[in-house]
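The next block holds one structure in the form of structure tokens; read it before the comments.
Keep in mind that this is a model prediction, so the values were computed, not measured. Worth knowing before you read on, the calculation uses all heavy atoms, side chains too, and leaves out hydrogens, waters and symmetry mates.
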Amino acid sequence: PAVAQAPGPERPTPKKKGNLGLLIGLLVMVAGVLTLVFTSFKGAAIYSLDVDKLVKDASHFQQRNIRVKGMLVKGTLARRDQPCEYRFKLQEKGVELAVHHPSCIVPDTFKDMPGMDVEVQAEGKLADDGKTFVSTAIVAKCPSKYEMQQKSMAGELAPHAGKQAAPVQNL
């Protein structure tokens, strides 16, 4: 005879505890974070261009943050005291760009040195006329230690040593 087993207590089947709700909640949170990231950095991108490329495509870069690089045109550096500002020109590959820097905060290396090319990077935006660059920050690149050794071996003086900067014109 077969022995019948007495029915024991039934085990409850595990319920899916809102897995679908959890998934939807996570998707909503990820979408929110991505929306914040993409909308908050909208105007933060900075385009880095040489003077010739900026002048060539000026209409494309209107009202965008730009870092423009070029060489300071000798004799164009001018300063005004009231209101304090600098004006100068940058050039690259024969193309010139007028720069207006409405501040007196510039690096010590930002000088018109006789016999030396001064590479300058300016950050800012093109003015509405598309021909003038209004800068918010200026960086003047000094020659590297290696470049200075090469110049010294060629008999040239180091910048700022033994040479006086060209006088800054007053506007």
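- Looking at Q63, its side chain never comes within 3.5 Å of a backbone N or O of D128 through a donor-acceptor pair.
- Residues that satisfy the ring pair (Phe, Tyr, Trp, His ring centres under 6.0 Å) test with F133, not counting sequence neighbours, are absent from this structure.
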- Query: What's the verdict on side chain to side chain contact (heavy atoms under 4.5 Å, CB included) for L126 and L54, showing C-alpha distance, side-chain angles and the deciding distance?
  - Reply: CA-CA 9 Å; L126 277 172; L54 177 60; 3.8 Å; yes

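- Between the side chain of S135 and the backbone N or O of E123 there is no donor-acceptor pair closer than 3.5 Å.
- No donor-acceptor distance shorter than 3.5 angstrom exists from the side chain of D50 to the backbone of D52, with no hydrogens or angles considered.
- Note: D117 CG to Q91 CD = 8.5 Å, rounded to the nearest 0.5 Å.
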- Task: Go through K141 and Q121 one step at a time and tell me if the side chain to side chain contact (heavy atoms under 4.5 Å, CB included) criterion holds.
- Result: CA-CA 8 Å; K141 183 181 175 197; Q121 285 186 359; over 6 Å; no

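- Scored by the salt bridge (charged side-chain N to carboxylate O under 4.0 Å, His left out) test, D57 finds no partners at all (sequence neighbours excluded).
- Cluster membership check: F110 does not share its hydrophobic cluster with V134, using side-chain heavy-atom separations under 4.5 Å among Ile, Leu, Val, Met, Phe, Trp and Tyr.
- Side-chain atoms of T109 come within 3.5 Å of backbone atoms of A140 as a donor-acceptor pair (strictly under, hydrogens ignored).
- Transitive grouping of hydrophobic side chains (ILVMFWY, heavy atoms separated by less than 4.5 Å) brings L49 and L72 into a common cluster.
- Classification of the H101-Y86 ring pair by plane angle, with boundaries at 30° and 60°, yields tilted.
- V95 and V99 fall within a single hydrophobic cluster, where Ile, Leu, Val, Met, Phe, Trp and Tyr side chains are chained together by heavy-atom contacts under 4.5 Å.
- Heavy-atom contacts from other residues, nucleotides or ligands closer than 6.0 Å to CG of L34 number more than 12.
- Using a cutoff of 4.0 Å between basic side-chain nitrogens and carboxylate oxygens, D112 and K74 are scored as salt-bridged.
- In summary, of the residues considered (I138, L97, V118), a side chain to side chain contact (heavy atoms under 4.5 Å, CB included) with F88 occurs for I138 alone.
- Follow the hydrophobic side-chain contacts under 4.5 Å out from M71 and you never reach V73; the two are in separate clusters.
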- Item | side chain to side chain contact (heavy atoms under 4.5 Å, CB included) between C104 and R79, intermediate numbers included | CA-CA 8 Å; C104 273; R79 175 189 165 142; 3.5 Å; yes

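- Taken from NZ in K125 to OG1 in T132, the straight-line distance is 16.0 Å, to the nearest 0.5 Å.
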